[in-house]
Number of protein chains: 2
Amino acid sequence: MHSEVDAHAGHQTETWDSSLVPDSRGRTDRPSPGCPVEVALDAISGRWTTLVLRELMHGPLSFSELRSRLPSVSAKVLSERLHGLTSRGLADCVRTAGFPPRTAYRLTDRGLALRPLLIALYEVGSELLTPAAPSRP
Amino acid sequence: MHSEVDAHAGHQTETWDSSLVPDSRGRTDRPSPGCPVEVALDAISGRWTTLVLRELMHGPLSFSELRSRLPSVSAKVLSERLHGLTSRGLADCVRTAGFPPRTAYRLTDRGLALRPLLIALYEVGSELLTPAAPSRP
DNA sequence: CCGCATCCGATTGGATACTG
DNA sequence: CAGTATCCAATCGGATGCGG
């Protein structure tokens, strides 16, 4: 544990946070669309999004299957989330031509790439929920 | 009760998401405050929040130091973010009694625990930014 | 079965101005 | 320096109802 975390309170223009922003693209002074962190946040932001992603992680699901697994989500929001995912290339939609119209939403490879992020969210969230070993007077 | 997924693509996934939701607490059918993922999302959600966290990751900073590092954030929003972080126990604030009033916000151990999450956001976001190797089976 | 259209209340975040 | 207070435009998300 570091008590003297910061002895150099001056300029930090050259000294970089090597672990947080490895390359130049990540060093932004505002929430810019080109920042990787913003891109990832955009992909998972919005209510129900992470739950929809979790359901689709197992495999393709239809619109109503998603609705039955997430009973409290409205059709409007689910539709918005699905379009958001597809427009970003994280999911796609396959339709059967016949009748009744069957659809299946599935994650693309890019969508599947979100898995480690969901896991990180779960793990860090769990850590925050623990009664805590905090206190650093 | 549960209809089997007939069009099961069959590759790589089990019926139960052991990696995404290891314990029962994580299996929610709606965005509930007790879900670890929601807790983590709550900690990093809101515009500028991740940038504020990144700045505080190096060490304590005062209110205006944060403003100068993030020139485009308004005082109102920065104040809101800082209160959000402190109320969740992710940061705290130390004041010097004299004049002019000096303050310093610093992350607590719980706040520092967010680092792997920020890194995951960066890495996954970078992956999403790559020109892509899409195409699928 | 698969959605989109619309209305509407709640929340967000930016700009500005003001206090200890 | 370190914030708070207020106003306000934009967005979000829930409910409902209709169309393909």
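A, B, ... follow the sequence lines: proteins, then strands. Residue 1 opens every chain.
Every residue meeting the side-chain hydrogen bond (donor to acceptor under 3.5 Å, both in side chains) condition with B:Thr49, not counting sequence neighbours, appears here in chain and number order: B:Arg81. B:Ser64 is linked by a side-chain hydrogen bond (donor to acceptor under 3.5 Å, both in side chains) to nothing, counting only residues two or more places apart in sequence or in another chain. The side chain to side chain contact (heavy atoms under 4.5 Å, CB included) check on B:Val73 picks up B:Trp48, B:Leu70, B:Val77, B:Leu78, with sequence neighbours excluded. Shown here are the side chain to side chain contact (heavy atoms under 4.5 Å, CB included) partners of B:Ala120, two or more places apart in sequence or in another chain: A:Leu117, A:Ala120. Residues passing the salt bridge (Lys or Arg N to Asp or Glu O under 4.0 Å) test with A:Glu80, sequence neighbours excluded: A:Lys76. Legend: residues meeting side-chain hydrogen bond (donor to acceptor under 3.5 Å, both in side chains) with A:Ser72, ordered by chain and number and at least two apart, are B:Arg30. Applying the side-chain hydrogen bond (donor to acceptor under 3.5 Å, both in side chains) test to A:Ser126 and every residue at least two apart in sequence or in another chain returns B:Arg25.
At a threshold of 4.0 angstrom between heavy atoms, the contacts of A:Arg81 are confined to the sugar-phosphate backbone, with no base atom among them.
Within residues 34-46 of chain A, the residues having any heavy atom under 4.0 Å from DNA chain D are, by residue number, A:Gly46.
Residue pairs satisfying the salt bridge (charged side-chain N to carboxylate O under 4.0 Å, His left out) criterion with at least one member in residues 33-47 of chain A, sequence neighbours excluded, are listed as follows: A:Asp42-A:Arg88.
If you check the side chains of A:Ser19 and B:Arg115, you find a donor sitting under 3.5 Å from an acceptor.
From the 5' end on, the contacts that DNA chain D makes with chain A at under 4.0 Å to a non-hydrogen atom open and close at D:dG13 to D:dA15.
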Expected string for nucleotides 14-20 of chain C under the B/S/- scheme (protein heavy atoms, under 4.0 Å, primed atoms plus P, OP1, OP2 as sugar-phosphate) is BB----B
